[in-house]
Structure formats: structure tokens, C-alpha cells
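Working notes for the structure below.
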Amino acid sequence: MMLGRILELQRLSTEDGPGIRTTVFFKGCPLSCAWCHNPEAISTRLQTQWYAERCLDCGACVAACPNGCLHMNAAGLVIDRSRCKACGVCARACPGGALEALGTTISAAELVSELLKDRAYFEASGGGVTLSGGEPTMQSEFAEEVLIGLQAAGIHTALDTCGMCPPASLERLLPSTDLVLFDLKLLDPEAHRRLTGSPNARILENLARVRDFRSTSGRPVEIWIRTPLIPGATVGEDNLSAIGRYLASHLQGAIARWELCAFNNLCRDQYRRLGMEWAYAETPLMTAQELADCQAVARATGLRAEILATGAVRGTQVPEE
Amino acid sequence: VTIEAVTYATTVDSLLAVKYLVFDDKACTMAELIQALRDNWEGHEVLQARALHKAPKYGRDDDEADALARRVMELWTDETWRYRTGSTGRQFRPGMLSWNYWVSDGFILPASPDGRPQGKFLSNALCPSNGADTRGPTANANSVGKVLGGKAPDGRGDWEEYLNLLPNGGSHTMTFNPSMLRDAEHRRKFKAFLRGYTENGGSALQINLLNAEMLRDAQQHPEDYRHLLVRVTGYNAYFTTIGRELQNEIIARESHQMR
């Protein structure tokens with residue numbers, strides 16, 4: 001029985017592939033993107049976080065902690081993260097749900113049976129399940145068992161990956177994947193290294209592997225490219241043009257869709273709760289015009305794919321597509 | 001003749017809370033729980049928090065909790081079918097609409113074991129208690145479908161292949177963010193959600209689209225809105241878990257969208 005570590009499930013997800021989906025957020029990611037929108041999924045370790053607004057100041061957590069790493073001061077609960085083992089004892093003791101254990105360990109079989117609860121919605125919408133994160137390929141044996149279980153039940157499967165993984169981890173998953181949501185953030189290797197912590201050569205090689213698998217395996221694996229639009233980082237004519245031209249020359253005909261996903265700042269408090277700094281805490285949302293401009297740049301690259309910019313924008317309605 | 005039941009989820013969640021607090025978790029004795037209710041939870045805030053946040057609830061697609069909900073439903077509908085009116089001999093039939101009584105009766109009914117103090121609204125019709133549906137809309141819908149009867153095991157229900165324990169109507173209300181309907185692709189997804197809703201046993205759904213006024217209310221009463229998911233492409237958050245400043249930003253955003 002294979003066990004995996006996941007952060008949470010998002011049911012009725014409408015943004016992670018076709019139809020209505022349940023998205024499984026895996027815990028752990030090999031990249032450390034400066035703008036990361038899911039900071040609680042970066043660490044492979046279990047973590048503990050505290051919601052000030054739910055705290056009753058009852059002290060149950062301080063008394064329960066077996067490692068003595070919690071104390072209360074005037075500002076609230078202080079977690080000594082150097083000693084916290086995220087054992088979850090405090091979260092279970094907390095009566096008001098103010099302490100939350102981030103991450104759970106679950107068996108593939110148990111996860112699949114939970115995912116099948118929304119089968120009716122998947123079938124009515126042409127949806128299914130998306131493995132995301134975090135990075136599913138970091139737990140590829142577990143992910144494979146989940147995908148195979150879903151496939152056996154006739155559920156459409158999608159793999160959302162940053163592409164930064166050993167080729168074998170990716171190749172293990174492709175036979176049981178119907179759609180790959182492949183992130184391409186920056187084409188310039190140096191900028192990629194500076195902003196995500198790793199160069200992108202392996203990512204581009206892995207993208208080529210997906211393309212080759214598609215043509216050699218006879219399995220019609222669909223590929224969507226996703227690029228986060230991050231002001232001052234991935235946004236800018238140079239980067240988007242470069243990605244589009246790269247895709248047009250290396251993967252023309254293999255890409256069904258290229259999604260440009262607008263920066264958003266909803267994770268700001270998440271960083272605070274985790275005791276992490278975030279360089280983008282004060283960055284405003286993009287405007288509808290900026291989003292439209294990005295879309296126009298992407299469409300001018302000659303890539304034959306459905307190209308659209310999506311996401312929240314400052315002060316106006318999300319553009320109609 | 002329809003008999004309408006009210007306070008359904010409040011009843012179910014109260015039974016679940018008694019089971020959890022007194023028997024499973026042993027957080028208190030039955031006598032202590034009764035005392036806490038007599039005191040309207042005052043001075044028993046920690047126990048109340050356990051009832052609210054730790055006890056299982058109807059509306060999360062939790063098979064164990066929903067099985068108890070189904071038992072409560074059958075207990076009441078079976079009992080209703082046993083009677084006819086005294087004067088004309090007409091059959092009593094069960095329904096579950098709560099009109100506005102779920103609001104006003106909340107002031108009459110004393111504190112309940114689910115953590116609700118006197119004066120706070122009861123649950124509405126078939127709906128899970130306010131804020132209890134923390135697993136999202138499909139989980140909420142699945143729980144409701146299960147207690148309505150779902151598909152008959154032999155495929156021969158009393159409404160095509162479905163059982164319908166509430167032939168005289170049961171109302172269920174859900175709230176969505178307007179971004180669920182923002183373009184043709186999302187409208188198709190929403191239609192599919194409604195098809196899945198009926199497939200899983202739901203019979204009547206009233207739909208609210210969330211607006212800025214409601215978000216402001218959520219700032220004032222976060223305990224009623226713990227389920228409220230603010231969804232923006234690629235990321236989502238429970239509205240009540242994000243800071244005030246950011247909430248204001250989202251309200252501003254929603255106000256604009258609603259124009």
C-alpha cells in the first residue's frame with residue numbers, strides 16, 4: 001500500500017483543466033519560485049500554522065505540545081519552528097481549529113475512493129482529477145498508483161507539473177495521464193535560475209519527452225502550457241515572445257492550449273502565517289489591459305494553440321474570452 | 001396535507017456533537033454538556049469551540065455523519081406517513097421548507113449541542129448548518145442528495161430510479177461566487193454541476209451568487225462563513241482566513257463585478 005503526503009483536495013475546481021475537477025495538492029516542490037502562490041506546498045515536511053482570528057487563548061496547545069515549542073505572548077502564539085516537528089498534537093488539542101496541521105499522509109486507495117465521490121460532476125462536465133501541488137512527480141510512485149486507480153474507474157486524469165524532475169519520474173506517470181499541464185515560467189536559463197532556484201534545461205528536456213511520448217506511444221496525451229504572469233519577472237514582451245517562439249518551433253501542433261495565469265495576492269496571509277517573507281506582498285493585481293497585452297504578445301508568436309490570459313484583475317471584470 | 005420539518009441540520013449536528021463530545025472524544029459528561037446548554041454556553045467557550053469546530057457535521061460528504069442524518073430523516077418521514085388528518089382523513093406527507101421560521105425560532109429554541117447559542121439562527125430547510133459545509137459545494141450537494149434518498153438500490157424508486165423521502169418538497173440553497181459564471185466555458189461547467197447535483201439525488205436547488213454586501217457580513221460574522229471560498233484563477237482561499245485588508249480588496253473587486 002503506497003502512502004503519499006498531500007496538502008489538501010480542492011473539489012469543484014474549475015481552473016485546473018477541462019470540466020469540473022478535484023485538484024489534489026501534493027506537498028513538496030523542487031522549485032522555490034519567488035512569487036510562489038502556494039507556499040504551504042513548497043516544503044515536503046508537515047507544517048503547523050496558526051490563525052489568530054480563531055484563537056480562544058485557552059492554552060490547550062501549549063500544554064499539549066510534546067516538544068515545548070509553543071508559547072503565548074502579547075502578540076499571540078509563538079511557534080519555535082526550529083524545534084517544531086509538526087506532529088499535529090497541538091492541532092488536535094486546539095478546540096477552535098486555530099492551529100492547523102498542513103499536510104496529511106494518505107494511502108493511494110483511500111485517496112482514490114475520496115476522489116470518486118465527485119464522479120457524477122466529472123462525467124457531466126468532461127472533467128476529472130488533476131494532480132497538482134507542490135509537485136506530484138516528487139512522489140511519483142504514489143502518484144502513479146493514484147492515476148492508475150482513477151484510470152481503472154474511467155476518470156480523466158491531468159498532471160500539473162513544473163517539469164523539474166528526473167525523466168523516469170515523469171515517464172512513470174505519462175501512461176496513466178490524459179492531460180499534462182506543463183508550466184513554463186521563463187525561457188532565459190539565468191533568469192529562471194535566479195527567480196525559481198533552478199536553471200530550466202531539464203524542464204525543457206522533459207517537455208520534449210512529453211511531446212515524444214505523445215508521438216511514439218500512440219496515447220493522445222494532451223498538453224497545455226501554463227505561464228504565470230508575474231510583474232517584473234515573467235511579464236514582458238521578451239519572455240512571453242521567447243516562450244511562444246520556442247513552443248512554435250519545437251512543439252508546433254503538440255500544444256492544445258497556452259494559459260497565461262495572472263498574478264494574484266491571495267496567498268499574502270498564508271506567507272505571514274507560515275512566518276515567511278514574500279517579495280510580492282505589496283504587488284498590485286494586473287489590469288485588464290495588461291492581461292490583454294500579454295495575450296496579444298503570446299498570440300503574435302505564431303504558436304498554433306488556444307491562447308488565453310485568465311485571472312483576477314485590478315478593479316475590473318475578468319475579460320470575456 | 002404537508003407537514004414541514006424545520007431545524008433539520010441543527011438537530012443532526014446536535015446528535016453528532018453529543019456522540020462526539022460525550023461518547024467518542026469524552027470531552028465532557030452528559031451532565032456537563034446539559035449544564036453548558038443551560039448556561040447558553042457562557043463560561044463553556046472551550047467546550048463550545050469543540051462542538052463547533054471538532055464535532056462532525058452534516059454537509060461534508062462524510063458518510064458516517066450523513067448516515068446519521070439519513071436516520072433522522074427516515075425517523076421523521078416514516079412517522080409522518082403514519083397519520084391522516086382527523087377531520088377529513090387525508091394523508092399527511094413530509095416536506096422540508098422552513099420559510100422564515102429558521103430565523104425567528106432561533107431566538108426561541110435554547111442553546112443546542114452543535115455549539116449554537118440561543119438567538120443564533122437554526123439551519124434552513126435541508127441545508128447544512130451555516131458554515132458547516134467546509135468541503136465545498138459538491139460535498140454539500142452530495143450530503144443533501146444522500147439524505148433525500150439517493151438512487152434506489154434496485155433502481156426502482158418513487159421518482160424514476162430515485163427515492164424521494166420528501167415528496168412535498170425540500171429546499172436547498174447554495175451560494176456561489178459570480179466568477180463561476182464569468183465566461184462561456186465556466187457557464188458550461190456550472191450547468192454540468194447542476195446535472196451532477198440531480199444525478200446524486202438532489203431535487204431542488206436555490207442558487208445565490210455572492211455579492212459585496214454578503215462579504216461585508218462575512219467580515220462581521222466570520223463564524224457563519226467559514227465555507228466561503230473566494231476563487232481566483234489558480235488560487236483560492238477561504239474568505240474568513242485572510243486578513244481584513246485583503247478582504248476589503250476583494251470586496252472592492254466584487255462590488256465592481258456586480259455592477
Side-chain angles (χ1 to χ4, degrees), chain A residues 9-16 18-22 37-38 51 53-54 56 58 60 92 94-98 100 114 117-127 226 228 259 261-262 264-270 272-273 284-285 308-321, chain B residues 27 45-54 61 63 135-139 141-142 145 176 178-180 182-186 188-201 222-223 226 229-237 240-246 249-250 252-253 256-257 259:
Chain A
L9 303 184
Q10 164 72 48
R11 294 166 72 165
L12 194 70
S13 168
T14 52
E15 313 302 320
D16 298 308
I20 290 171
R21 314 191 71 81
T22 296
H37 284 21
N38 288 316
Y51 291 84
E53 58 276 22
R54 295 183 190 166
L56 296 167
C58 69
R92 282 193 292 279
C94 174
E100 193 173 74
E114 187 66 23
K117 287 181 169 179
D118 279 354
R119 175 198 281 275
Y121 309 94
F122 304 155
E123 287 175 354
S125 66
R226 299 216 283 189
E259 289 187 340
C261 308
N264 77 61
N265 49 19
L266 283 179
C267 53
R268 193 159 67 192
D269 294 290
Q270 193 64 47
R272 184 178 48 71
R273 277 197 292 272
L285 296 179
L308 67 159
T310 64
V313 293
R314 201 186 320 155
T316 59
Q317 179 73 266
V318 177
E320 274 283 328
E321 183 52 41
Chain B
E45 283 75 15
V46 170
L47 188 62
Q48 182 185 20
R50 286 195 178 282
L52 284 169
H53 302 289
K54 295 294 205 198
D61 205 1
D63 286 336
R135 297 293 165 93
T138 56
N142 289 355
F176 294 89
S179 70
M180 280 292 294
R182 69 176 180 269
D183 55 27
E185 185 177 333
H186 285 80
R188 278 195 299 277
K189 291 186 184 192
F190 194 73
K191 274 164 72 177
F193 167 76
L194 297 177
R195 282 199 297 277
Y197 179 86
T198 55
E199 172 70 22
N200 280 0
E223 68 279 8
R226 292 184 60 215
L229 205 54
V230 188
R231 180 79 211 199
V232 183
T233 299
Y235 193 82
N236 55 78
T240 57
T241 67
I242 60 182
R244 173 59 60 121
E245 188 194 348
L246 200 51
E249 224 173 278
I250 292 167
R253 209 185 289 168
H256 207 100
Q257 282 199 0
R259 263 181 227 135

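A note on names: the letters A, B, ... follow the listed sequences, proteins ahead of strands, and every chain is numbered from 1. Predicted model, so just to flag it, every value in this text is computed and none were measured. The basis for the numbers below is simple: all heavy atoms, side chains too, and nothing from hydrogens, waters or symmetry mates.
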Heavy-atom closest pair (B/Glu199 atom, A/Ala120 atom, distance to 0.1 Å) is CG-CB, 3.6 Å
Here the gap from B/Glu185 atom CD to A/Glu15 atom CD, rounded to the nearest 0.5 Å, amounts to 8.0 Å
Backbone N/O of A/Gly19 and side chain of B/Lys189: donor-acceptor pair under 3.5 Å:
yes
Highest number of heavy-atom pairs under 4.5 Å with chain B among A/Glu53, A/Lys117, A/Glu114 belongs to A/Lys117
OH (A/Tyr121) and CZ (B/Arg195) are apart, to the nearest 0.5 Å, by 12.5 Å
If one checks every heavy atom of A/Pro228 against chain B at 4.5 Å, the contacting part turns out to be neither
One should read off an interatomic distance between B/Lys54 NZ and A/Cys94 SG, to the nearest 0.5 angstrom, of 5.5 Å
Any chance CZ of A/Arg119 has more than 12 other-residue heavy atoms, nucleotides or ligands included, within less than 6.0 Å? yes
Turns out that what part of B/Gln48 lies under 4.5 Å from chain A's heavy atoms comes down to neither
Applying a strict 4.5 Å limit to non-hydrogen atoms, the region of B/Ala139 in contact with chain A is both
Under 4.5 Å to a heavy atom of chain B? For A/Arg273 that would be side chain
Rounded to the nearest 0.5 Å, the OG1 atom of A/Thr14 sits from the CZ atom of B/Arg188 at a distance of 13.0 Å
Do we see a donor-acceptor contact under 3.5 Å between the side chains of A/Asp118 and B/Asn142?
yes
Answer key: most heavy-atom pairs under 4.5 Å with chain A among B/Ala51, B/Ala27, B/Ala49 is B/Ala49
Counting heavy-atom pairs under 4.5 angstrom with chain A, the leader among B/Val46, B/Leu194, B/Asp61, B/Leu47 is B/Asp61
Interatomic distance, OG1@A/Thr310 vs NE2@B/His186, rounded to 0.5 Å, equals 8.0 Å
Between B/Gly196 and A/Ala124 the two heavy atoms that sit nearest each other are N-CB, 4.1 Å
